[in-house]
Amino acid sequence: MLEVRELEVAYGPIRAVRGLGFAVPPGQVVALIGANGAGKSSTVRAIAGLLPRRGSLRFEGKPLPAAPEAVLRAGIALVPEGRGILQRLTVEENLLLGAATRRDRARIGAEIAAQYERFPILGLRRHGLAGLLSGGEQQMLAIARALLARPRLLILDEPSIGLAPKLVEQVFRLVEELRATGLAILLVEQKARQTLRIADHAVLLETGRLRAAGPPAALTADGLLAKAFLGEGGAAG
Ligand SMILES: Nc1ncnc2c1ncn2[C@@H]1O[C@H](COP(=O)(O)OP(=O)(O)O)[C@@H](O)[C@H]1O
Ligand SMILES: [Mg+2]
């Protein structure tokens, strides 16, 4: 569905991603894991059109456009690291922004209502400022907003960051629920072991390069994770 080949992302002289290749098949959860600074966010920001990149990106058999709006229209939505919620807008205004690139305006009301059913707390707070939501609620809002673009591939960049363990569990359960609806998900995480438990396929990044890829079981073996996360103080847990 998404095919990444020879991806290169650089910030001036800093080469953050080098020769990276991987694929996301339809309906699957692919985990993109690696220590802090490995190049995970650079990878997904480049896919989403938020950073210049080199290499070949194909989505559903066609070259992926470079501009962020065009990527969104092509069917890929990114929930960025840090969530990107507009704190001074209401919950509903944030959701409406998620649908901004759509041409089928008539259905948006019903889909916002459907998101309120999925996330009742967002419905209760719909006219409240998004900035007043808890961290977990803001993560739900960020995901609901991305879903309003009707993506076929959802990219989540460290959705569990800063959340209490119970909420982390909830985020992982939500990922499984969304996969069950047929959505493909590229899940960026530092919580490697938890992520590998739900992923269909995993890609391990180390200093901008592919370190390993395969079924989750292959990555949990061999002490690969321990090495990749060395010095991360147990972030691989
Ligand atoms: N805006 C930036 N300017 C310069 N270097 C950056 C910038 N953002 C990230 N980097 C560097 O690129 C590398 C990869 O970062 P990033 O993609 O954010 O990693 P991850 O998401 O895996 O933690 C790091 O060495 C980081 O310091
Ligand atoms: Mg990151």
Side-chain angles (χ1 to χ4, degrees), residues 2 4-24 29-57 64 66-68 71-72 76-85 135-136 138-143 145-146 151 153-163 167-168 171-172 174-175 185-196 198-199 201-214 216 219-220 224-237:
L2 174 70
V4 176
R5 281 192 202 153
E6 293 294 317
L7 179 66
E8 305 270 336
V9 184
Y11 304 92
I14 301 167
R15 297 174 68 198
V17 179
R18 291 178 280 180
L20 178 62
F22 65 92
V24 183
V29 173
V30 172
L32 181 59
I33 56 178
N36 192 23
K40 306 181 298 298
S41 293
S42 301
T43 298
V44 296
R45 288 172 54 78
I47 293 169
L50 300 171
L51 284 176
R53 32 83 170 171
R54 296 171 66 176
S56 153
L57 294 181
L64 188 67
V71 172
L72 200 54
I76 300 179
L78 168 68
V79 178
E81 190 175 351
R83 299 163 195 141
I85 291 302
Q138 290 197 23
Q139 188 60 58
M140 299 304 162
L141 176 57
I143 293 172
R145 183 182 57 182
L153 170 63
L154 180 67
I155 305 179
L156 303 172
D157 192 349
E158 299 217 33
S160 75
I161 208 165
L163 299 185
L167 292 172
V168 174
V171 167
F172 282 111
L174 175 61
V175 168
I185 297 168
L186 178 57
L187 177 57
V188 173
E189 269 294 342
Q190 270 192 64
K191 292 185 177 62
R193 286 183 205 286
Q194 244 174 315
T195 307
L196 291 178
I198 64 161
H201 185 86
V203 175
L204 176 62
L205 264 184
E206 201 176 82
T207 55
R209 291 182 188 277
L210 184 78
R211 177 69 181 80
L219 273 81
T220 39
L224 258 175
L225 291 182
K227 273 179 224 145
F229 285 89
L230 209 64
E232 281 291 308

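Atoms within a ligand are numbered from 1 in the order they appear, just like the ligands themselves.
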Checking Ser56 against Glu6: is there a side-chain donor and acceptor pair closer than 3.5 Å?
no
If we only consider heavy atoms of Gly37, is any one of them less than 4.0 Å away from an atom in ligand 1?
yes
I would like to know whether Arg53 and Glu8 meet salt bridge (charged side-chain N to carboxylate O under 4.0 Å, His left out); could you show each step before the answer?
CA-CA 6 Å; Arg53 32 83 170 171; Glu8 305 270 336; over 6 Å; no
Check ligand 1 against Asn36 and write out every atom of the ligand that is under 4.0 Å from a heavy-atom position of the residue.
23 (O)
Under 4.0 Å and counting heavy atoms only, is there anything from the protein next to atom 27 (O) of ligand 1?
no
pair Glu81-Val188: side-chain heavy atoms closer than 4.5 Å:
no
Which value, rounded to the nearest 0.5 Å, describes the distance between Ile155 atom CD1 and Lys40 atom NZ?
14.5 Å
Distance check, rounded to the nearest 0.5 Å: Tyr11 atom OH versus Leu51 atom CG?
4.5 Å
Which of the numbered atoms in ligand 1 are below 4.0 angstrom from a heavy atom of Lys40?
17 (O), 19 (O), 20 (P), 21 (O), 22 (O), 23 (O)
Can you check whether a protein heavy atom sits less than 4.0 angstrom from atom 14 (C) of ligand 1?
yes
Among all protein heavy atoms, pick the one closest to atom 19 (O) of ligand 1 and tell me residue, atom and distance.
Gly39 N, 3.2 Å
Which residue and heavy atom of the protein sit nearest atom 16 (P) of ligand 1, plus the separation
Ser42 OG, 3.7 Å
Should Val203 and His201 count as side-chain neighbours, where that means a heavy-atom distance under 4.5 Å?
yes
Pick from Gly208, Ser41, Pro13: the one approaching atom 18 (O) of ligand 1 most closely through a non-hydrogen atom
Ser41
Going from CD1 on Ile33 to CD on Gln194, what distance comes out if it is rounded to the nearest 0.5 angstrom?
12.5 Å
Nearest non-hydrogen protein atom, atom 2 (C) of ligand 1
Tyr11 CD2, 3.4 Å
Do Leu186 and Leu154 have side chains that approach each other closer than 4.5 Å (heavy atoms only, starting at C-beta)?
no
So do the side chains of Leu204 and Leu210 get within less than 4.5 Å of each other, counting heavy atoms only?
no
The Mg ion (ligand 2) - number of protein N/O/S atoms closer than 2.8 Å:
2
Check whether the side chains of Arg83 and Gln138 place a donor and an acceptor atom closer than 3.5 Å, and report yes or no.
no
So, taking the atom named CG in Leu20 and the one named CD1 in Ile47, what distance separates them when rounded to the nearest 0.5 Å?
8.0 Å
Would you check whether Ala16 has a nitrogen or oxygen atom less than 3.5 angstrom from a nitrogen or oxygen atom of ligand 1?
no
Looking only at heavy atoms of Ala35, does any of them come nearer than 4.0 Å to an atom of ligand 1?
yes
